[in-house]
Amino acid sequence: MRSSELAAAAGVNLQTLRYYERRGLLDEPARSLGGHRTYPSEAVTTLRVIKAAQRLGFTLTEVSELLDTARHRHALGEGAGLQARAREKLTAVEAKIADLTVIAETLRAGITAGCNNLQTCAGDPNCPLPFPEIGQA
């Protein structure tokens, strides 16, 4: 299939396709006699896997490593497979959720307390917003 057909089938644009090739996420395509890039049908699956992994929070570097590990199953090392990476990502996501939960609760407390002016609130010892802690970060 040609570049435009692949991009349309996978829901990406041509620039994304070329970028993934440069990054090594997608194998270099064969060329037709006319010089057009031709991709195997499996490239659609690879692109969909890349996009799904990104939606799960994996970076392109992490996706590249996971794809590489899948291509070289015999080279699996400790912590290289999807299970280990998914556990690491889940831990990071859960930590981020915990941080965001604290932020949301603090903002709700500030709204409930009627905080309308940052300068006034920062000087008020009863203000629920953590101005002293924020200043130290």
Side-chain angles (χ1 to χ4, degrees):
M1 93 179 40
R2 293 175 82 167
S3 298
S4 58
E5 295 168 326
L6 174 60
V12 300
N13 61 45
L14 290 173
Q15 290 79 17
T16 299
L17 195 61
R18 301 284 193 277
Y19 181 68
Y20 289 172
E21 284 177 29
R22 285 193 306 274
R23 293 276 313 250
L25 294 162
L26 196 59
D27 291 334
E28 181 80 21
R31 298 277 182 164
S32 69
L33 292 175
H36 298 286
R37 296 166 188 254
T38 57
Y39 298 87
S41 59
E42 298 83 35
V44 174
T45 302
T46 300
L47 288 170
R48 288 180 179 161
V49 165
I50 292 167
K51 298 311 284 180
Q54 283 184 298
R55 283 191 298 278
L56 291 172
F58 289 98
T59 65
L60 284 179
T61 299
E62 292 169 328
V63 173
S64 177
E65 291 166 357
L66 287 168
L67 288 173
D68 220 29
T69 300
R71 288 182 189 124
H72 305 96
R73 287 189 180 105
H74 62 279
L76 273 179
E78 187 64 33
L82 180 58
Q83 283 288 313
R85 294 295 183 92
R87 281 188 195 97
E88 291 171 10
K89 188 60 65 180
L90 179 59
T91 299
V93 166
E94 288 173 339
K96 196 177 290 187
I97 289 170
D99 289 344
L100 290 172
T101 299
V102 169
I103 291 169
E105 289 169 356
T106 303
L107 291 171
R108 278 189 200 98
I111 291 167
T112 301
C115 297
N116 283 324
N117 182 302
L118 289 178
Q119 294 290 59
T120 304
C121 286
D124 183 351
N126 296 320
C127 179
L129 300 178
F131 286 104
E133 292 89 356
I134 292 172
Q136 294 172 359

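Numbers here simply count residues along the sequence, with the first being 1.
Contact between Thr106 and Leu129 at its shortest, heavy atoms only, is O-CD2, 3.6 Å. The nearest pair of heavy atoms linking Arg18 to Ser3 is NH1-OG, 3.5 Å. Taking both residues in full, the closest heavy atoms of Leu6 and Met1 are given as CA-SD, 3.5 Å, listed atom of the first, atom of the second, then distance. Looking at every heavy atom in both residues, Leu56 comes nearest to Lys89 through O-CG, 3.8 Å. Nearest heavy-atom pair, Thr38 versus Arg31, reported as atom, atom and distance to 0.1 Å: OG1-N, 4.2 Å. Smallest separation of non-hydrogen atoms from Pro128 and Cys115: CD-SG, 4.0 Å.
Linking Ile, Leu, Val, Met, Phe, Trp and Tyr whenever their side-chain heavy atoms come within less than 4.5 Å puts Leu107 and Leu100 in one cluster. Under the 4.5 Å side-chain heavy-atom criterion for grouping Ile, Leu, Val, Met, Phe, Trp and Tyr, Tyr19 is connected to Val49 within one hydrophobic cluster. Both Leu14 and Leu60 sit in one connected hydrophobic cluster of ILVMFWY residues. Membership requires side-chain heavy atoms under 4.5 Å apart, directly or through other members. One hydrophobic cluster, built from ILVMFWY side chains closer than 4.5 Å, cannot hold both Leu66 and Val93; they sit in different ones.
Separating the CZ atom in Arg108 from the CD1 atom in Ile103 is a distance of 11.5 Å, to the nearest 0.5 Å. Distance check: Tyr20 OH to Gln15 CD gives 12.0 Å after rounding to the nearest 0.5 Å. Considering CG of Leu67 and CZ of Phe58, their distance stands at 11.0 Å, rounded to 0.5 Å. To the nearest 0.5 angstrom, Glu94 atom CD is 6.5 Å from Ile97 atom CD1. Within the model, atoms CZ of Arg55 and CD1 of Ile50 stand 11.5 Å from one another, a figure rounded to the nearest 0.5 Å.
Remark: Arg23 CZ is packed, more than 12 non-hydrogen atoms of other residues, nucleotides or ligands lying under 6.0 Å away. Atom CG of Asn116 is surrounded by 12 or fewer heavy atoms from other residues, nucleotides or ligands within 6.0 Å.
Looking only at side-chain heavy atoms (C-beta outward), Leu17 and Leu47 come within less than 4.5 Å of each other.
A donor-acceptor pair is defined here as one N or O able to donate and one able to accept, closer than 3.5 Å; no such pair exists between the side chain of Arg48 and the backbone of Gly11.
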